[in-house]
Undergrad: 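Sharing a structure with you now.
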Protein chains: 2
Amino acid sequence: MGIETVISDEVLEQRIRVAGLKPTRQRLGLGRLLFNGISRHVTADELFGEAVNTGVPVSLATVYNTLRQFVDAGLLREVLAGPGRSYFDTDISHHHHFYHVDENRLEDLPIGVVSVESLPQPPTGSEIERVDVVIRLRRQ
Amino acid sequence: MGIETVISDEVLEQRIRVAGLKPTRQRLGLGRLLFNGISRHVTADELFGEAVNTGVPVSLATVYNTLRQFVDAGLLREVLAGPGRSYFDTDISHHHHFYHVDENRLEDLPIGVVSVESLPQPPTGSEIERVDVVIRLRRQ
DNA sequence: TTTTTAATTTAGAATAGTTCTAATCCATTG
DNA sequence: CAATGGATTAGAACTATTCTAAATTAAAAA
Ligand SMILES: [Mn+2]
Ligand SMILES: [Mn+2]
Ligand SMILES: [Zn+2]
Ligand SMILES: [Zn+2]
């Protein structure tokens, strides 16, 4: 009786369809790795490695395509923290991050633990898309 | 009688020496472009372009080397906002940023306008290096 | 069920930003 | 001035990502 919510095949397939995408073998396999109920922060090549290890037949190009499509569909959130790579966050709720610079690893902050007070007016012609708070951590 | 503080050759040379670096033609030329009194957010290739345009004899490799050295010496601050490129901020004081995603451009927030309340305890073994707040803006 | 169609996947090339290498250059010191 | 060690450089290498164009496949049409 684990706490972990394992998504059913039907729900996963439905989620992909609702996003306007065909539930192909590749998307279902990647979706299963991503939406297994645990909040995750993966890079493209980490996810590709997991796919290879678990026998999901997919190319690296498709991993990139699928991550981009899932972000566009609002199923994933892209987080930029370190230079030169994107992290994909399976938790799309509004929250902030620790970034472990020595390990290139993202970690969620407990929600509400950081609050940004008094957001400034955005410059004319612009609107706020998102506010990102990244607390950069190094080994002591 | 401009408001702009133009740094003198002597002060610039001294600043580079204090950082433990030889005041070469390249470092002086780049330092003059960077520390002209105006707060700036430049990328490596923007700075390289300015150097070429103003006749500073320097290679792209040296621009990268110099930016890294200036950051290490605390003369510049590196800001990560968009994917795949670093911005170098001539304002090393503690402040946060707007990031115009449509233009790949950083802009300073007025100091004090955003305050991060109740910083969380960092995980054991880690210490906070910096807190970055980036307000992502898109064209309306 | 077969055929058709358009979306998807793929290998590999291309690209962008950055770092590395190793040869040359030059600022400083004696 | 000569010696020397750091600095500069062109170009190669590297990493993450996107692009291209051909092959595959899911879904719709027949
Ligand atoms: Mn990775
Ligand atoms: Mn640029
Ligand atoms: Zn997260
Ligand atoms: Zn700034």
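These figures come from a predicted structure and were not determined experimentally. Naming: A, B, ... by sequence-line order, numbering from 1 per chain.
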Undergrad: Would you say CD of B:Gln121 has more than 12 non-hydrogen atoms from neighbouring residues, nucleotides or ligands within 6.0 angstrom?
TA: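 No, not enclosed.
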
Undergrad: Name the residue from A:Phe88, A:Phe35, A:Tyr64 that meets the ring pair (Phe, Tyr, Trp, His ring centres under 6.0 Å) definition with A:Phe70.
TA: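 The residue from A:Phe88, A:Phe35, A:Tyr64 that satisfies ring pair (Phe, Tyr, Trp, His ring centres under 6.0 Å) with A:Phe70 turns out to be A:Phe35.
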
Undergrad: Report the distance from atom CD of B:Glu46 to atom P of C:dA16, rounded to the nearest whole Å.
TA: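 Result: 15 Å.
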
Undergrad: Provide, to the nearest angstrom, the distance between the CG atom belonging to A:Leu60 and the C1' atom belonging to C:dA14.
TA: 15 Å

Undergrad: What is the distance, rounded to the nearest whole Å, between atom CZ of A:Phe48 and atom P of C:dA11?
TA: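 Answer to the nearest Å: 8 Å.
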
Undergrad: Considering heavy-atom distances to DNA chain C, does A:Val58 or B:Pro83 have its closest nucleotide positioned more toward the 5' end?
TA: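 So the residue in question is A:Val58.
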
Undergrad: Could you state the CD-C1' distance from A:Gln26 to C:dA7, rounded to the nearest angstrom?
TA: 12 Å

Undergrad: Does D:dA16 have its OP1 or OP2 closer than 4.0 Å to a side-chain nitrogen or oxygen of A:Ser86?
TA: no

Undergrad: Do you see a donor-acceptor pair shorter than 3.5 Å between the side chains of B:Tyr99 and B:Asn104?
TA: yes

Undergrad: Taking only the side-chain nitrogens and oxygens of A:Tyr64, find out if one of them lies under 4.0 Å from OP1 or OP2 of D:dT17.
TA: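 Yes, such a contact exists.
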
Undergrad: Do any N or O atoms from the side chain of B:Arg32 and from the backbone of B:Arg27 form a donor-acceptor pair under 3.5 angstrom?
TA: no

Undergrad: By nearest atom, which of the nucleotides D:dT9, C:dA11, D:dT25 is closest to the A:Arg25 side chain?
TA: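 For A:Arg25, the side-chain atoms sit closest to D:dT25.
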
Undergrad: What's the CG-P distance between A:Leu30 and C:dT8, to the nearest Å?
TA: 14 Å

Undergrad: Which protein N or O atoms sit under 3.5 Å from an N or O of nucleotides 28-30 of chain C?
TA:
from   : atom 1 : to      : atom 2 : distance (Å)
C:dT28 : OP1    : B:Arg17 : NH1    : 3.1
C:dT28 : OP1    : B:Arg17 : NH2    : 3.3

Undergrad: Are side-chain heavy atoms of B:Asp108 and B:His97 found at a separation under 4.5 Å?
TA: yes

Undergrad: Would you name the heavy atoms of A:Thr62 and A:Leu30 that are closest together and state the gap between them?
TA: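 Looks like O-CD1, 4.4 Å.
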
Undergrad: Do B:Asp89 and B:His95 have side-chain N/O donor and acceptor atoms under 3.5 Å apart?
TA: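 Side-chain D/A pair, B:Asp89 to B:His95: present.
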
Undergrad: If you apply the rule salt bridge (Lys or Arg N to Asp or Glu O under 4.0 Å), what do you find for B:Glu50 with B:Arg40, and how did you get there?
TA: CA-CA 13 Å; B:Glu50 290 181 21; B:Arg40 313 196 50 194; 2.6 Å; yes

Undergrad: Check whether any side-chain nitrogen or oxygen of B:Arg27 sits under 4.0 Å from OP1 or OP2 of D:dT8, and answer yes or no.
TA: yes

Undergrad: Expressed in angstrom and rounded to an integer, what is the separation of B:Leu21 atom CG from D:dG6 atom P?
TA: 12 Å

Undergrad: Quick check: are there more than 12 heavy atoms from other residues, nucleotides or ligands sitting under 6.0 Å from CD of A:Glu127?
TA: yes

Undergrad: Just to be sure I understand the geometry, which residues of residues 65-78 of chain A put a non-hydrogen atom under 4.0 Å away from DNA chain D?
TA: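 Nucleic-acid contacts, sorted: A:Arg68.
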
Undergrad: Could you tell me the separation between the CG atom of B:Leu28 and the C1' atom of D:dT8, rounded to a whole number of Å?
TA: 14 Å

Undergrad: Side-chain N or O of A:Thr62 versus OP1/OP2 of C:dT10: is the shortest distance under 4.0 Å?
TA: yes

Undergrad: What is the distance from CZ of A:Arg85 to P of D:dT17, rounded to the nearest Å?
TA: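 Whole-Å distance recorded here is 8 Å.
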
